[in-house]
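Indexing begins at 1, ligand by ligand and atom by atom, following the structure's order. Count residues from 1 along the sequence. Only this structure's heavy atoms are used, side chains among them; waters, hydrogens and symmetry mates stay out.
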Amino acid sequence: MAGTGVFQEILDGDVYKYYADGEWKTSSSGKSVSILNPATRQVQYKVQACTQEEVNKIFESAKAAQKLWAKVPLWKRAEALHKAAALLKEHKAPMAECLVKEVAKPAKDAVSEVVRSGDLISYTAEEGVRILSEGKFLVSDSFPGNERNKLCLSSKIPLGVVLAIPPFNYPVNLAVSKISPALIAGNAVVLKPPTQGAVAGLHMVHCFHLAGFPKGLLSCVTGKGSEIGDFLTMHPGVNCISFTGGDTGIAISKKASMVPLQMELGGKDACIVLEDADLDLAAANVVKGGYSYSGQRCTAVKVVLAIESIADELVSKVNAKIAKLTVGLPENNSDITAVVSESSANFIEGLVKDAKEKGATFCQEYRREGNLIWPLLVDHVRPDMRLAWEEPFGPVLPVIRISTAEEGIHHCNANNFALQGCVFTRDINKAILISNAMETGTVQINSAPARGPDHFPFQGLRDSGIGSQGITNSINMMTKVKSTVINLPSPSYTVG
Ligand code: NAP
């Protein structure tokens, strides 16, 4: 159970502590932040509202710990990460319980998120050992006018202190996807978990604590992003920001100082279905892609662009599958569960009402109880409707009927979001052409968009992000290049 057994020390009364300098602490603010259970709308957990002074101290100790950590051999850093991965898997039950209660993640998916996170940490440890053990050796005589009298040794070195800010929908997985590449590369990490998902995040951090990482190397600050976020992102102690979330990321990138940014933001992933597609396959992926975790995935299918001639058949196949989705509590593994908050449910409802007023066809009756919204497919959506462009982050999916693939590509490229997209066709040549024409970070051929497997490159273009994630890219992103040049008194060539 959450907050019991080895996790007992992370709880003070009914408020979870924050983590600094290798210890679990109660904030001097005397204030806490309540976390509502999305399904019951009752207070489920409370976390500390950390003060600016506490944040300052955290950055100080992170800086000091990082200098020492950078001198720890790579294999030892990897060993510690493997230990954390094993602990995470061993304690998957309490973490999964938090995910169910804090973000209404269906129980089975909650367990998979934790297990996947353990695997991600181990893979990162292995990948880090390999890619960080290699550098470059360059000779000067390849550049015109030079002799071979300069030898350059370049290697990847840590950035310093990485500020990691994950979103509510994968508070464990998207936290470790930042923490583990940062640590293997020799950085320290300050984690600011999402408020919904903070307690799952604190349990995860405790697994790193139990794995024996040095004091101050990893810390976890809790509090509302709207209150403490700016202080964190503009803190002079930050050497890199790795953020996943919504438009907040755009605001952060404007405020941040001159530090590397990794931004994974929202998406409006389009699913283009051509006339020669396997419609059963397409329908199955539209439903899985559009409605898993109630549509609260950055890579959810968020608009279906179907060629008119097959649209009726596709819609009818999708509707048949929607009818089988279960709606209810995450504890019961329902397919559709409450969305994260009332404001999120209200936002989704706003998009639905706008589409209704402008004449879209509802394939199911719109139904909402509290934060629980029943799955809805909205057909005949047109470009003047908000649903055509905005990200509902809920179980509501628009269908736009198109005459040509070009029309679908045009719609996809006209959106500021450009995370992923997908195309369904039996013609691989056509699929490649469409993939090249869709200006998004990734295009999936004959499958719904997806972030995993976690070692694949993952990136958004335009307003969907800066940089690329995926284990290897994240490790590289969290390093900088350092060169040492040996200047010889005279040119020297190895004759062989
Ligand atoms: P969000 O509202 O942007 O919040 C993300 C994180 O930012 C949370 O930890 C939040 O903390 C924090 N935050 C809020 N205000 C801040 C500020 N001023 N400065 C610094 N941090 C601040 O996003 P969300 O609602 O959690 O997640 C949904 C969004 O994430 C969707 O748009 C989705 O598409 C996107 N997403 C993208 C990816 C991807 O990889 N591209 C993956 C998953 C989700 P609080 O919770 O305390 O406010």
Would you call [X] and [Y] a salt bridge, taking side-chain N to carboxylate O under 4.0 Å as the test?
X	Y	answer
Asp454	Arg116	yes
Lys268	Glu390	no
Lys101	Glu331	yes
Lys17	Asp12	no
Lys255	Asp230	yes

Worksheet item: Mind checking what makes side-chain hydrogen bond (donor to acceptor under 3.5 Å, both in side chains) contact with His411, not counting sequence neighbours?
Response: none
Item to complete: Sequence neighbours left out, what passes side-chain hydrogen bond (donor to acceptor under 3.5 Å, both in side chains) with Thr248? Give chain and number order.
Response: none
Who's the nearest protein heavy-atom neighbour of [atom], and how far?
atom	answer
atom 41 (N) of ligand 1	Leu265 O, 2.7 Å
atom 13 (N) of ligand 1	Gly225 CA, 3.8 Å
atom 28 (C) of ligand 1	Phe393 CE2, 3.5 Å
atom 24 (P) of ligand 1	Phe168 CD2, 3.6 Å
atom 23 (O) of ligand 1	Gly246 N, 3.4 Å
atom 42 (C) of ligand 1	Cys298 SG, 2.9 Å
atom 21 (N) of ligand 1	Ile165 CD1, 3.8 Å
atom 34 (O) of ligand 1	Glu391 OE2, 2.5 Å

For ligand 1, indicate whether the residue [X] contacts it via side chain, backbone, both or neither (heavy-atom separation under 4.0 Å).
X	answer
Asp247	neither
Asn169	side chain
Arg297	neither
Leu419	side chain
Pro166	backbone
Lys224	backbone

Discussion item. For Tyr19 and Trp24, take the angle between the two ring planes, folded into 0 to 90°, and tell me which bin it lands in: parallel under 30, tilted 30 to 60, perpendicular over 60.
Written reply: tilted
Worksheet entry | Geometric class of the Tyr123/His455 ring pair [parallel <30°, tilted 30-60°, perpendicular >60°] | tilted
Is the gap between the ring centers of [X] and [Y] under 6.0 Å?
X	Y	value
His203	His206	no
Tyr366	Trp374	no
Phe231	His235	yes

Worksheet item: Applying a strict 4.0 Å limit to heavy atoms, is Gly223 in contact with ligand 1?
Response: yes
Worksheet item: Is the closest heavy atom of Leu174 to ligand 1 under 4.0 Å?
Response: yes
Of the choices [options], which has the non-hydrogen atom that lies closest to [atom]?
atom	options	answer
atom 19 (N) of ligand 1	Gly229, Gly201, Pro193	Gly229
atom 40 (O) of ligand 1	Phe417, Tyr170, Phe458	Phe458
atom 16 (C) of ligand 1	Leu163, Thr248, Thr195	Thr248
atom 35 (C) of ligand 1	Pro194, Pro167, Gly245	Gly245

Worksheet item: For ligand 1, which atoms, with element, lie under 4.0 Å from some heavy atom of Thr244?
Response: 5 (C), 37 (C), 38 (C), 39 (C), 40 (O), 42 (C), 43 (C)
Practice prompt. Give the numbers and elements of all ligand 1 atoms closer than 4.0 Å to a heavy atom of Phe243.
Written response: 3 (O), 5 (C), 6 (C), 7 (O)
Worksheet item: Taking Lys302 for the side chain and Pro392 for the main chain, is one N or O donor matched with an acceptor at less than 3.5 Å?
Response: no
Discussion item. When you compare ligand 1 with Lys192, is there at least one nitrogen or oxygen pair between them that comes in under 3.5 angstrom?
Written reply: yes
Discussion item. With side chain to side chain donor-acceptor pair (under 3.5 Å) as the test, pick out the partner of Asn37 among Glu102, Gln44, Gln42.
Written reply: Gln44
